[in-house]
Enquirer: 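Could you have a look at this structure, given as structure tokens, before my questions?
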Amino acid sequence: MANNEELFKKIISHAKEYGYIFPSSEIYDGLSAVYDYGQYGVELKNNIKNYWWKSMVQMNENIVGIDTAIFMHPTIWKASGHVDAFNDPLIDNKDSKKRYRADVLIEDHIAKIEDKILKEIRKASERFGKDFDEEKFRATHPRVLENTEKIASIQKRFNEALNQNDLGEVKKLIEDLGIVCPVSGTKNWTDVRQFNLMFSTQMGSVSEDSGTLFLRPETAQGIFVNFLNVQKTGRMKIPFGIAQIGKAFRNEIVARQFIFRMREFEQMEMQFFVPPGEELTWFEYWKEQRMKWHLSLGISASKYRWHPHEKLAHYANAAVDIEFEFPFGFKELEGIHSRTDFDLSSHEKFSGKKLRYFDAESNESYVPYVVETSIGVDRTFLAVFSNAYTEEILADGSERTVLRLPAVLAPIKVAVLPLVKKDGMPEKARLIIDELKNDFLCQYDEKDAIGRRYRRQDAIGTPYCVTIDNETLENDTVTLRERDSMLQTRVSIENLRKEISEGLRPLRF
RNA sequence: GCGGUAAUAGCUCAGUCGGUAGAGCGUCAGCUUCCCAAGCUGAAGGUCGUGGGUUCGAGACCCAUUUACCGCUCCA
């Protein structure tokens with residue numbers, strides 16, 4: 001584990017040192033959990049997005065893409081459940097320094113009272129044997145009645161406090177109930193504070209007439225609210241999907257682990273609309289498709305695993321994560337959720353607009369069910385990057401740090417290197433770059449010994465180096481050096497583009 | 001958000017008892033070099049995270065703050 005921590009630190013500093021990721025606002029001491037992508041980082045990130053987009057929109061006739069605004073009507077977040085579901089009231093115990101969710105503390109307390117009732121029931125059931133009537137017992141036994149009423153009154157008080165956003169009352173409830181911290185055993189509580197996962201901002205230039213908006217915490221809602229627009233203008237027939245790549249914002253309590261959990265991040269989501277009753281079949285289909293996509297990058301299958309959700313979110317009837325083995329352990333990379341008709345139905349309710357699909361074949365109209373695939377761009381970046389980082393010892397005992405990025409995702413595809421900086425080799429190299437730069441992002445380097453230049457390209461993950469030597473000047477052939485194997489082959493300049501293209505082709509899936 | 005640790009050149013780090021800042025690597029310029037980093041010469045690069053304080057004098061001591069890491073806490 002200590003080794004992995006070391007490795008993770010090295011990966012982070014490599015990312016910075018080689019222009020992949022910089023801490024945001026670094027010259028002003030940085031901004032917590034916000035990062036900028038550098039000159040190579042942006043290429044890798046764009047390549048990841050492009051690779052995903054093609055796999056969805058280009059490879060599937062029935063999937064189209066959209067790009068919706070980050071600002072959306074505030075009611076959307078009521079409809080989606082984000083306003084209610086993501087306001088966690090938090091409270092700290094001053095002695096143990098432990099933090100709890102206030103609602104969980106109260107629910108635990110209720111559960112304890114519930115236990116007492118169950119104990120009475122068990123005792124009575126043993127006493128009366130098979131004549132025992134639980135319903136009647138619950139309705140008549142004085143102590144059980146008393147506890148049942150207690151639970152009801154706690155729940156009522158708690159719900160009222162939450163509905164009125166009265167956090168003082170929540171704290172008072174905890175104090176009145178005599179709830180103690182399970183660790184310190186004391187009642188020395190801080191005030192209850194609301195933690196809202198969504199960032200808010202003001203629309204309108206004058207503060208008095210401005211309305212509060214949220215920065216979207218997920219891109220999915222932009223798809224749902226455009227369901228009809230896309231379906232009608234694209235003449236889409238169910239089943240069909242809408243894909244989107246875009247930024248989302250969440251006010252995480254603790255945002256750590258580099259770019260794994262950032263406050264501003266980017267998602268690649270696809271919502272697939274299906275007839276009611278077929279959602280679990282499609283859920284299985286997309287599970288399989290998405291795993292194939294990951295494996296097509298050539299990363300070892302052992303780095304991935306499934307994580308089925310036991311506790312489902314308010315909108316889902318099936319959910320599974322694809323987890324990746326990051327240097328800090330297996331963590332969620334992508335989620336595949338069967339979201340039912342929750343979102344579209346909810347938007348029907350809140351907007352008053354019908355969000356239905358008329359199926360001409362079956363002659364019926366229904367609210368489609370949705371299967372979602374949702375993957376983090378930044379997490380995929382981190383997965384690919386951390387998996388690629390390799391320190392190896394070569395046969396001659398020397399060390400090499402190489403980014404074994406999937407070639408299709410590598411920022412620079414080809415480095416063109418004159419073996420020496422004379423005899424017309426630099427000029428020849430420039431001509432070759434002109435040949436290649438339409439198809440591949442190229443880099444020219446003539447500084448330092450050739451070996452050092454190879455290592456520099458290894459460090460940024462360039463899959464191919466083309467080297468111009470004396471022979472090149474005689475017969476128009478160059479050496480093509482492959483990053484991972486370090487093997488060189490002699491290739492004629494006119495075949496270069498073809499050779500490189502083949503090496504950049506991803507595995508089919 | 002709480003507790004602990006840390007912050008010196010692009011990177012990794014040294015800096016003695018408090019006396020005006022150093023190395024290696026990297027970068028840049030030039031030389032050399034026909035294929036896998038560490039040949040040669042030269043140069044640039046630091047108000048020591050930031051703000052206060054103690055002191056004749058602070059990179060070092062004290063306080064605050066920011067950021068990162070570790071442990072809690074939270075995570076649709």
Side-chain angles (χ1 to χ4, degrees), chain A residues 1-2 5-6 8-10 12-14 16-19 22-35 80-82 84-86 88-101 104 183 190 193 195 197-198 217-218 220-221 248 250-258 260-261 309 311-316 319 321 328 331-332 335 337 339 342-343 372 374 394-402 417-423 425 447-459 465-473 478-483 485-488 490:
Chain A
M1 206 56 196
E5 270 169 35
E6 281 304 301
F8 189 40
K9 280 182 187 161
K10 280 185 183 172
I12 294 169
S13 56
H14 192 88
K16 188 188 167 196
E17 191 170 352
Y18 289 92
F22 308 122
S24 162
S25 318
E26 203 186 2
I27 62 169
Y28 290 99
D29 285 335
L31 191 61
S32 182
V34 186
Y35 291 90
S80 70
H82 284 82
D84 296 325
F86 301 105
D88 295 334
L90 300 176
I91 189 166
D92 292 8
N93 183 274
K94 289 179 188 167
D95 300 310
S96 64
K97 309 282 184 201
K98 296 282 174 192
R99 166 166 297 176
Y100 302 92
R101 275 173 55 174
V104 171
V183 175
T190 63
R193 281 161 300 175
F195 194 86
L197 222 53
M198 288 194 286
E218 64 173 22
Q221 298 304 325
R250 292 181 199 180
N251 219 342
E252 306 285 352
I253 298 175
V254 173
R256 247 185 268 182
Q257 277 161 331
F258 197 37
F260 182 80
R261 182 169 284 119
H309 283 210
K311 203 178 137 207
L312 295 170
H314 59 278
Y315 51 72
D321 290 340
F328 42 86
K331 296 277 179 182
E332 178 183 352
H337 295 204
R339 288 181 82 126
F342 173 86
D343 298 279
E372 163 190 276
S374 172
L394 303 177
D396 65 357
S398 64
E399 283 175 34
R400 175 170 90 127
T401 301
V402 51
L417 317 169
L419 191 57
V420 294
K421 188 170 36 175
K422 58 180 184 187
D423 301 336
M425 288 181 200
K447 173 81 184 157
D448 296 317
I450 189 70
R452 193 192 294 245
R453 282 179 274 166
Y454 286 148
R455 298 301 170 87
R456 271 205 285 264
Q457 295 301 328
D458 290 340
C465 292
V466 167
T467 304
I468 289 89
D469 55 19
N470 274 330
E471 206 181 327
T472 310
L473 305 176
V478 292
T479 61
L480 184 63
R481 182 250 193 199
E482 200 271 330
R483 178 194 65 202
S485 63
M486 297 167 63
L487 290 177
Q488 288 174 279
R490 194 97 209 160

Enquirer: Ignoring hydrogens and angles, are the base of B/rC11 and the side chain of A/E17 linked by a donor-acceptor pair under 3.5 Å?
Expert: no
Enquirer: Can you tell me how far P of B/rC35 sits from CD of A/Q457, to the nearest Å?
Expert: 19 Å
Enquirer: With a 3.5 Å limit on both atom pairs, tell me what B/rC61 is paired to, counting Watson-Crick and G-U wobble, or say none.
Expert: B/rG53
Enquirer: Any strand is fair game: report the nucleotide pairing with B/rG46 by Watson-Crick or G-U wobble, both distances under 3.5 Å, or none.
Expert: none
Enquirer: How close or far is atom C1' of B/rA37 from atom CG of A/L394, stated in whole angstroms?
Expert: 10 Å
Enquirer: Measure from CD on A/E26 to P on B/rU50 and round the result to the nearest Å.
Expert: 13 Å
Enquirer: How many Å lie between CD1 on A/I12 and C1' on B/rU12, as a whole number?
Expert: 16 Å
Enquirer: Per the atom types in the model, does the base of B/rC35 pair as donor or acceptor with the side chain of A/R481 at under 3.5 Å?
Expert: no
Enquirer: Could you please name the partner base of B/rC2, counting Watson-Crick and G-U wobble pairs only when both distances are under 3.5 Å?
Expert: B/rG71
Enquirer: Taking the C1' atom in each of B/rU16 and B/rC61, what is the distance between them to the nearest angstrom?
Expert: 16 Å
Enquirer: Across all strands, who's sitting opposite B/rG26 as a Watson-Crick or G-U wobble pair, both distances under 3.5 Å?
Expert: none
Enquirer: Using both distances under 3.5 Å as the test, list the Watson-Crick or G-U wobble partner of B/rC31, or none.
Expert: B/rG39
Enquirer: If I take atom CD in residue A/E399 and atom P in nucleotide B/rC25, what distance separates them, rounded to the nearest angstrom?
Expert: 15 Å
Enquirer: Specify the separation, in whole Å, of atom OH of A/Y454 and atom C1' of B/rA37.
Expert: 13 Å
Enquirer: Using 0.5 Å steps for rounding, measure from the CG atom of A/L487 to the OG1 atom of A/T479.
Expert: 12.0 Å
Enquirer: Should B/rA9 form a Watson-Crick or G-U wobble pair with both distances under 3.5 Å, which nucleotide is its partner?
Expert: none
Enquirer: Provide, to the nearest angstrom, the distance between the CZ atom belonging to A/F260 and the P atom belonging to B/rC74.
Expert: 17 Å
Enquirer: Taking donor-acceptor contacts at under 3.5 Å, does the side chain of A/R453 reach the base of B/rC36?
Expert: no
Enquirer: Below 6.0 angstrom between ring centroids: does that apply to A/Y35 and A/F22?
Expert: no
Enquirer: Expressed as a whole number of angstroms, how long is the span from A/N251:CG to B/rC75:P?
Expert: 15 Å
Enquirer: Nearest nucleotide by nearest heavy atom, which residue falls closer to the 5' end of RNA chain B, A/H309 or A/R455?
Expert: A/R455
Enquirer: Which base sits across from B/rA14 as a Watson-Crick or G-U pair, both distances under 3.5 Å?
Expert: none
